[in-house]
Asks: 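What follows is a structure written as structure tokens; I'll ask about it next.
Below, read A as the first sequence line, B as the second, and so on, with proteins coming before strands; counting in each chain starts at 1. Everything quoted here is computed from the prediction, not taken from an experiment.
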Number of protein chains: 2
Amino acid sequence: MSHPGDTPVRRPSKGERTRTRILESASALFSRSGFHAVSLRDIAAHAGLTHAGLLHHFPGKEALLLELLGHRDRADAQGLFPTALDADAPEPSPEQWLSRLLDVVARNSTTPGLVALYANLSAEAADPEHPAHDYFVHRYRVVREGTARALGALFAAADPPVTDDPDAVAVQLIALMDGLQTQWLLEPDAVDMPAQLRALLRRYGVDPDPAARVSA
Amino acid sequence: MSHPGDTPVRRPSKGERTRTRILESASALFSRSGFHAVSLRDIAAHAGLTHAGLLHHFPGKEALLLELLGHRDRADAQGLFPTALDADAPEPSPEQWLSRLLDVVARNSTTPGLVALYANLSAEAADPEHPAHDYFVHRYRVVREGTARALGALFAAADPPVTDDPDAVAVQLIALMDGLQTQWLLEPDAVDMPAQLRALLRRYGVDPDPAARVSA
DNA sequence: CGCGAAACCTACCACTTGGTTAATTCTTCA
DNA sequence: TGAAGAATTAACCAAGTGGTAGGTTTCGCG
């Protein structure tokens, strides 16, 4: 059935498997309590090994965190954020960009853990000494630029062109995504994140929902 | 010059002074790195005493945090958020409520430390086990309700009445405040918080700036 | 199978954590 | 001034931290 060399989907080695198990555990625990509050022993235990065993796969706690962040971005890049963090790949259309943003939010609504991780870290990372500081500065910059570009195109193409500054609205949109998460994490029932985002976009004369775009 | 009993401004006792010194230090350090990442020894050293000395004034780390939060709210209550967190005191007018929100934001723009404190804590506090969890749930609820009330009144009174759901817009407004802070902390120059908030309000047909309200 | 390498564990290190105790110094006010 | 009480300390504790050293098991492949 499976000819060797035919399908390059060989079973990952044991090391690779535990490595991803560790990353999953780290994600889960960092999400619950933040970076500083979680110990390597916690993560290791959750992944089913000793903390010394964990340190065989990652040089240290900090490296584990950064690996996790990159890993997550790469997952997002598959179909969600190609250009944002992966470099190259063709620039998506403005509509695509926005609907991808909404996709990320919608998917986030199902994974409070990951959302909490980013909320926690982006707050901690305001300290320039924090290991993830540069990562977040860069990340926001990239997402902001892409969103501003998309908004600028849509604003110009709108029937009565929208005069708002795309950069400012981009900041606003991303801020809304983050702020909604804070409230949603504290009281999930009090906030409908995707609906709120769509509401804001509609206020700016932009409707990213393809289902609702009939006469465009 | 100062008759005893005339002015009730007696010099605070040594205990009271160090107590506030401790609170100030705790605020500064929690702001930089969050609750879990700061030790009582750090705070005590910053305040100029031993951690044992600190524990003479506060029963524990957790109590210190809650005291800090309450302290902060009481300071905000003087002229900014009377009803929100202080109970009683007459409900301010809708315009007042919004302009107070803007005042808080404007003042926050000058104190990154405090902003970072709340950003950090509200993220950490998503964990129901966190000592400040209940505090933040309650806080958001109160601010949300007040803002929704104010927006509802303004929407109804607008020339062509605004049809948006005040509750939803309240969530949005507060989310924007929080989210802007995240980006502002990472890159202060990239975000003008008060301007952004005013922009959103204007989009909803509300202008909270008294200087700009001529024909109302 | 057999053997080298990767994976993993036990035991340890130096250090930090929040908190306690008991003794000592400093304030305060009658 | 003097004594009660508040303020503060040094010393200590048990528990936990990230990280290391060195040995043992397990994997994977020729």
Side-chain angles (χ1 to χ4, degrees), chain A residues 2-5 8-26 29-30 32-68 120-121 124 127 129-132, chain B residues 2-5 8-26 29-30 32-68 120-121 124 127 129-132:
Chain A
S2 71
H3 306 253
V9 283
R10 71 177 199 290
R11 181 164 188 246
S13 73
K14 180 155 199 252
E16 292 171 298
R17 270 179 285 143
T18 52
R19 239 186 94 93
T20 67
R21 244 172 46 230
I22 291 172
L23 283 173
E24 284 166 4
S25 297
L29 296 186
F30 283 155
R32 262 201 275 288
S33 324
F35 176 67
H36 288 297
V38 172
S39 73
L40 290 182
R41 282 169 173 87
D42 294 338
I43 300 169
H46 189 277
L49 35 57
T50 334
H51 89 289
L54 187 157
L55 285 168
H56 171 73
H57 295 274
F58 299 91
K61 198 186 182 186
E62 189 165 314
L64 174 56
L65 171 65
L66 294 177
E67 186 93 4
L68 217 180
N120 258 309
L121 285 181
E124 286 184 359
D127 183 346
E129 304 292 318
H130 195 283
Chain B
S2 74
H3 306 253
V9 282
R10 70 176 201 290
R11 179 160 189 252
S13 72
K14 180 155 200 248
E16 292 171 297
R17 269 179 286 143
T18 52
R19 237 186 95 93
T20 68
R21 243 172 47 230
I22 291 172
L23 283 173
E24 284 166 4
S25 298
L29 296 186
F30 282 155
R32 261 200 276 287
S33 324
F35 177 67
H36 287 300
V38 172
S39 73
L40 291 182
R41 281 170 174 86
D42 294 337
I43 300 169
H46 189 276
L49 35 54
T50 333
H51 87 291
L54 187 156
L55 285 168
H56 172 73
H57 295 273
F58 299 91
K61 198 187 182 187
E62 189 165 316
L64 174 58
L65 170 65
L66 295 177
E67 186 94 4
L68 217 183
N120 258 309
L121 286 182
E124 284 185 358
D127 183 347
E129 305 291 319
H130 196 284

Asks: Please identify each residue that fulfils side chain to side chain contact (heavy atoms under 4.5 Å, CB included) with A/Ala37, with sequence neighbours left out.
Replies: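 A/Ala37 satisfies side chain to side chain contact (heavy atoms under 4.5 Å, CB included) with A/Ser33, B/His36 only.
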
Asks: With B/Phe58 as reference, evaluate B/Leu65, B/Ile43, B/Leu64, B/Leu68 under the side chain to side chain contact (heavy atoms under 4.5 Å, CB included) test and give the passing residue.
Replies: B/Leu64

Asks: Counting primed atoms plus P, OP1 and OP2 as sugar-phosphate and everything else as base, spell out the protein contacts along nucleotides 13-30 of chain C at 4.0 Å heavy-atom distance: B, S or - for each nucleotide, 5' to 3'.
Replies: ----BBBB-------S--

Asks: A/His51: which residues meet the side chain to side chain contact (heavy atoms under 4.5 Å, CB included) condition with it, sequence neighbours left out?
Replies: A/Leu40, A/Arg41, A/Ala44, A/Leu55

Asks: Taking side-chain hydrogen bond (donor to acceptor under 3.5 Å, both in side chains) as the test, write out the residues that go with B/Thr20, two or more places apart.
Replies: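 Applying side-chain hydrogen bond (donor to acceptor under 3.5 Å, both in side chains) to B/Thr20 gives none.
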
Asks: Without swapping roles, check the side chain of B/Glu16 against the backbone of B/Ser13 for a donor-acceptor pair under 3.5 Å.
Replies: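 Yes: the side chain of B/Glu16 pairs with the backbone of B/Ser13.
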
Asks: Sequence neighbours excluded, which residues qualify as side chain to side chain contact (heavy atoms under 4.5 Å, CB included) partners of B/Ala47?
Replies: B/Ile22, B/Ser25, B/Leu49

Asks: Using a heavy-atom cut-off of under 4.0 Å over every strand shown, decide if B/Thr50 touches base, sugar-phosphate, or nothing.
Replies: sugar-phosphate

Asks: Please list all pairs passing the salt bridge (charged side-chain N to carboxylate O under 4.0 Å, His left out) test where one or both residues lie in residues 56-68 of chain A, with sequence neighbours left out.
Replies: A/Arg19-A/Glu67

Asks: Let me test you: for the helix from C/dC1-D/dG30 to C/dA30-D/dT1, what is the angle between the axes at its two ends (five pairs each), rounded to 10 degrees?
Replies: 20°

Asks: Would you find a donor on one side and an acceptor on the other, under 3.5 Å apart, between the side chain of A/Thr18 and the backbone of A/Arg21?
Replies: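 Side chain of A/Thr18 to backbone of A/Arg21, a donor-acceptor pair under 3.5 Å: no, none is there.
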
Asks: Does C/dC8 have OP1 or OP2 under 4.0 Å away from a side-chain N or O of A/His56?
Replies: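 No, A/His56 has no side-chain N/O under 4.0 Å of OP1/OP2 on C/dC8.
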
Asks: Could you work out, with ring pair (Phe, Tyr, Trp, His ring centres under 6.0 Å) as the rule, every residue matching A/Phe30, not counting sequence neighbours?
Replies: A/Phe35

Asks: Reading DNA chain D 5' to 3', which nucleotide is the first, and which the last, to come under 4.0 Å of any heavy atom in chain B?
Replies: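 Taking any atom under 4.0 Å from a heavy atom of chain B, the span is D/dA7 to D/dC12.
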
Asks: Is a donor on one side and an acceptor on the other found under 3.5 Å between the side chain of A/Thr50 and the backbone of A/Gly53?
Replies: no

